[in-house]
Every structure is written in C-alpha cells, then in structure tokens.
Amino acid sequence: MSDNASTPPCIIVVFGARGDLTRRLVMPALYNLRRSGALGENFAIVGVDHGDISERTWRSNVGRALKQLIGSRDAEFQADGFDTVTWDFLRKRMHYLRGDFTNVDDYHALSTLLQTLHPRYGTQGNVLFYLATAARFFEPALLNLGAAGLVEQRADEGWRRVIVEKPFGHDLASACELNATVARVLDEDQVFRIDHFLGKETVQNILAFRFANGLFEPVWNRDRIDHVQITAAETIGVEGRGRFYDPTGCLRDMVPNHLFQLLAMIAMEPPAAFTTQAMHRRRAEVIEAVRPLSPDDVVRGQYGAGAINRAAVPGYREEDTVAEDSDTETYVAMKLRVDTWRWAGVPFYLRTGKRLRERTTEIAIRFKPAPLAPFRSTEIGGYGPDWLVLHIQPDEGISLQFDVKRPGPQVSLAPVRMDFRYRDWFPKEYTVGYERLLQDCMNGESGLFQDAAMVEGAWRIVQPILDAWRSAPGDFPNYAAGSAGPAAADALLAVDGGHAWRTLTAGRKPPPRRASEEGTAATQRSSKARRANAAASKPGRAAVPAKPAKPAKRAAARKPGKRATTRA
C-alpha cells in the first residue's frame, strides 16, 4: 500500500446498504481503492437500510458477495485472488444502522452514531452521504438530512457531501423539482450527481485523445466529419430488475445521462483548463446547443423472444416482474443536431438497447470521403468509409480504419485498420468504474459530474419525446432478442443521406469486405479452380487439392514501447 493515500479522512454513509448497487459497485470500488493504496487509514463505512439485520450479518453478506465477484473476474484479469488483508481493513470499519429513509428520527440516530465514530477513526468530521436507494427516496432523504443538521458545514466540523444516483428525475418537471430540493438543503458544491460512464478510463481518455494530439483536433469538425454514431448495446435483459426498469424504460435510463455525457465529451470545445467550472461549462454548452427533438427523430423498440449466443431467451413481457402488456421501451435510436459552428450540419446518431446481438459501447466518427479525381481512370468503384472508433467496452481502445492499395499490378483498394488496445500497453486491472468517482467525491472534485443546469438541459431535450410517447405503441415487441434492433432504426439513418448503422460486433473484427472486393475475390477463386481442373485433365497428373486457408494467427500481446500494428 502507498504511504500517501490520496483520499482525505472521512466516513461514507451508504443509504441502501443491502441493495444491489452497494453490493456490486460501491463496496467493490472501495475494496479496489484500498488495495491500490488510495484509501487511507482514517476511514469508516456506515450502512443504513430498513432491513432488520445485525451488523455482523451485513458484513458477512457483503464479504460473500465481494468474494464471488472477485473470484469471477480472476481468470479474466489474472488477479491473485481475494485480498483478505484489504477485506479485513474494510470489515472492521463497517457499521450498520437500521433506519427508515422517510423518518427524521432515524437521521438523528445516525447523527449520534457519527459523533461516536469520528474520534474512533480520526475522520475529522468529514462525511460523504451516498443515496444508493430507489429514486423515490432521494427527496425525503435530502430533506431529512437537512432537518437533522447532518449536511451543515461548519469550519470546526469538517465537510459534508452527498452523492445522488441516477435517474435524477424521471422528466423535466421532476428534475427541476429535485434540483430545487437540493438547493434548499445543500450548496451546489456539496452535491455530486453521479454517472458511472464518466468513471471509465476510456471515457476520460476522450479528452486526452482529442486535446493532447495535434493530429486529430484540426479535423474534428464539420469540414471533415460526415457523421458520428454513439452505441451502447447490451445482451442482457432486465435480469430480475423489472420493478425498477418497467416504470423507467430505456430512454430515461440511458439517454439523458450516459449517452448525452458521451455526446458532450465528443462535441465539447477545448476548455481553457481542466477545472471543474471549465469542464461543466464546456459540456453544458453542447447540451444547450442540441436542436429540439421531434418524434420523427426517434425510434423505440421492445424485444421479443429470441436467442443470445444460441441460448433461447424470453421476450421482455415474459420476464419476471414485468407486466404481460407492458409498453415500456427497451431500445431507443435517435438522430441529433448540435447547432454550433463546429458541428453545424453533422448528424449524431445515438442508439442503446437490451437483448441485442452483442455487448458493445463505442463512439464511431466517420470522415468524409476524399475526392475521386485522382482515380477517375481506374475501376476502383469508390472509397470505403474512413472510421475513427473509440471502443469503451468490452475491448477498450481506439481503432482507425482507412484505405490502402492492395498488392498487385491493378489499382485496387482495401480497408485496413490500426488498433490501440489498452490491454496491450497497460496492466489490465479490474475496476467497476466507481473508483475514480468516489475518490473525486472525497476530494471535492466535481469535474466528472453533472451540475443542475446540465441535468435540466438533458431532460429538456427528451421531454417532447416523453410527451409524444404517452400513447401506447402498436407494434411491440418489434425486434427479436439477439438481433440488431427494430428495422425502423435502420430506416432512420437511411433517409438521412443513405447512412447505415455500424455492425454490432464484439471487440474489433477485421474490416468487412466491400462488394467490389467480394467480386474480385470470387473471380480469383474461380480462376484458381479452372487452373486446377485443367491440370487435373492432363494425362498422368493427378489433381492437387487446394490447401485450406490457414487460420489467422492471433496477434501476440505487445509490450509497452512497441508500435501499434496495421491489420489488413
């Protein structure tokens, strides 16, 4: 462990201590922070929940879930097993309080408990409250924290901060109301509206990639970019979370937060400095510049029965805890326009959904083609698209696809790709995406979080769609599980300059052959077959069967310092 931990002394109070979010994300993130040396000695955890269980039982349940999670990732990340020393550190600092999130008396009991724990752990009165609860408890929890005096900041008592999970409201009116509640109880610099997408290394790398490399920023505009596609596809269904997901839906769950934050990172102007204020201002400018949506700009879908990885899966309406006649969307595709000087006329296409063919999250930038004039006397038939793709998950990295001349006497083009993979250059470590965000909260750095204006701006964009979707759709379910989504999503792009969605693939497969290449390859195969048959017809010579194509060798992992390779 490092001697210089980067987090200050504090107690983190987790409301919803027995919930899925705490078990799968919050506690593993704290475990990883401690193991990496970022979490100091002066630290404690208080879990608050309505469950009538003992402190010992809560510790045991969290430890069991953590072991299972770490064990399931060991093979992939070549980890060295569950770290009992790290777990013992956390376990001894875990305290449990049974409480009702809506009862102010239980908040006074929490205040008493905190007063006894601060001197024991030397936490200097610093407290980070984490609302890892259902959204309906956000407002009462905030009001009760204020009523109990738990979020008052006094110079002699340390800082008090609050993390609020998504969804931050369920429409524009509720988001404004929740922001008003926050403003009554907290100063803006005390609240952290968390979005775990912004905690991913590959998302943070967008800014470094754009602004640290003089090669790309000069072409990052409407003059050279044809369009941008942002995809967040999942193969999983609701996984028993129907009670949360069914009243929420795909649009509310993914678009105003995750996808719009990716949009903001890609489309923002360079900040004067990477300060909280500058980052908020630049990202908010993008959200404010999005042209209002109309129902014709958006497609919704719901998955029916199908197959994922050759295994049959039920339709959404057949999932546990989902109503048999549910009209909740599990897929959304939309096209946006960002009305700024840099992006005027460039369409942004966003899509996200459950039970799709592959799990992938990526941002794909398609560049405009070069003029065909130098090749007007050839028969190449045009260029393929040049793509710059930022792969966020599961295979993190960046790829660049472009055309080269195929070897031979004829002028024939082939798409190739240059790949950068995080796993080839940096140690692969298991994280859940919350480590950096929790660390920033404890340090009071809110650059990777949303402010009130950004939240309300995002809801303002989608509110017309929510209003239009109050009427039930007549075609649900309209895509099969294991497909690429509803056909209407393809039509959404086709009518807009003949664009098409990128194929959903896991990881980075070689660029697909174009139609002209397929014809060339077929001609070559036919010619080879004719030569083989002619040889076989000659007296005294037996036909030699063609050798099967050798499988492509897997590229060995490159050590740091080696150059990225170009693949045909």
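When reading the values below, keep in mind they use all heavy atoms of this one structure, side chains included, and skip hydrogens, waters and symmetry mates.
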Under 3.5 Å, which donor-acceptor pairs link side chains of residues 198-208 to any protein atom two or more places apart or in another chain?
unit_1	atom_1	unit_2	atom_2	d
K200	NZ	Q393	OE1	3.3
T202	OG1	I392	O	3.3
Q204	OE1	R436	NH1	2.5
Q204	NE2	L198	O	3.4
Q204	NE2	G199	O	3.1

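- Taking the ring centroids of W387 and H227, they lie under the 6.0 Å cut-off.
- Scored by the side chain to side chain contact (heavy atoms under 4.5 Å, CB included) test, E188 finds V191, R193, D451, A452 as partners (sequence neighbours excluded).
- A search for ring pair (Phe, Tyr, Trp, His ring centres under 6.0 Å) contacts involving F211 returns nothing, not counting sequence neighbours.
- Residue pairs meeting the salt bridge (Lys or Arg N to Asp or Glu O under 4.0 Å) criterion with at least one partner in residues 328-338, sequence neighbours excluded, are R337-D496.
- Side-chain contact check for Y349 and H499: at least one donor-acceptor pair (N or O, by modelled atom type) lies under 3.5 Å.
- Take R241 and apply the salt bridge (Lys or Arg N to Asp or Glu O under 4.0 Å) test, not counting sequence neighbours, and it matches no residue.
- For the side chain to side chain donor-acceptor pair (under 3.5 Å) test, no residue two or more places apart in sequence or in another chain qualifies with Y331.
- Here R291 pairs with D339 under the salt bridge (Lys or Arg N to Asp or Glu O under 4.0 Å) rule; sequence neighbours left out.
- Residues that satisfy the side chain to side chain donor-acceptor pair (under 3.5 Å) test with R161, not counting sequence neighbours, are absent from this structure.
- Side-chain contact, T123 with N126: no donor N or O sits under 3.5 Å from an acceptor N or O.
- Partners of S446 according to the side chain to side chain donor-acceptor pair (under 3.5 Å) rule, which considers only residues two or more places apart in sequence or in another chain, do not exist here.
- For R93, the salt bridge (Lys or Arg N to Asp or Glu O under 4.0 Å) partners two or more places apart in sequence, or in a different chain, are E41.
- Scanning for salt bridge (Lys or Arg N to Asp or Glu O under 4.0 Å) contacts around R224 gives an empty result, with sequence neighbours left out.
- Residue pairs satisfying the salt bridge (Lys or Arg N to Asp or Glu O under 4.0 Å) criterion with at least one member in residues 250-272, sequence neighbours excluded, are listed as follows: K166-D253, E269-R342.
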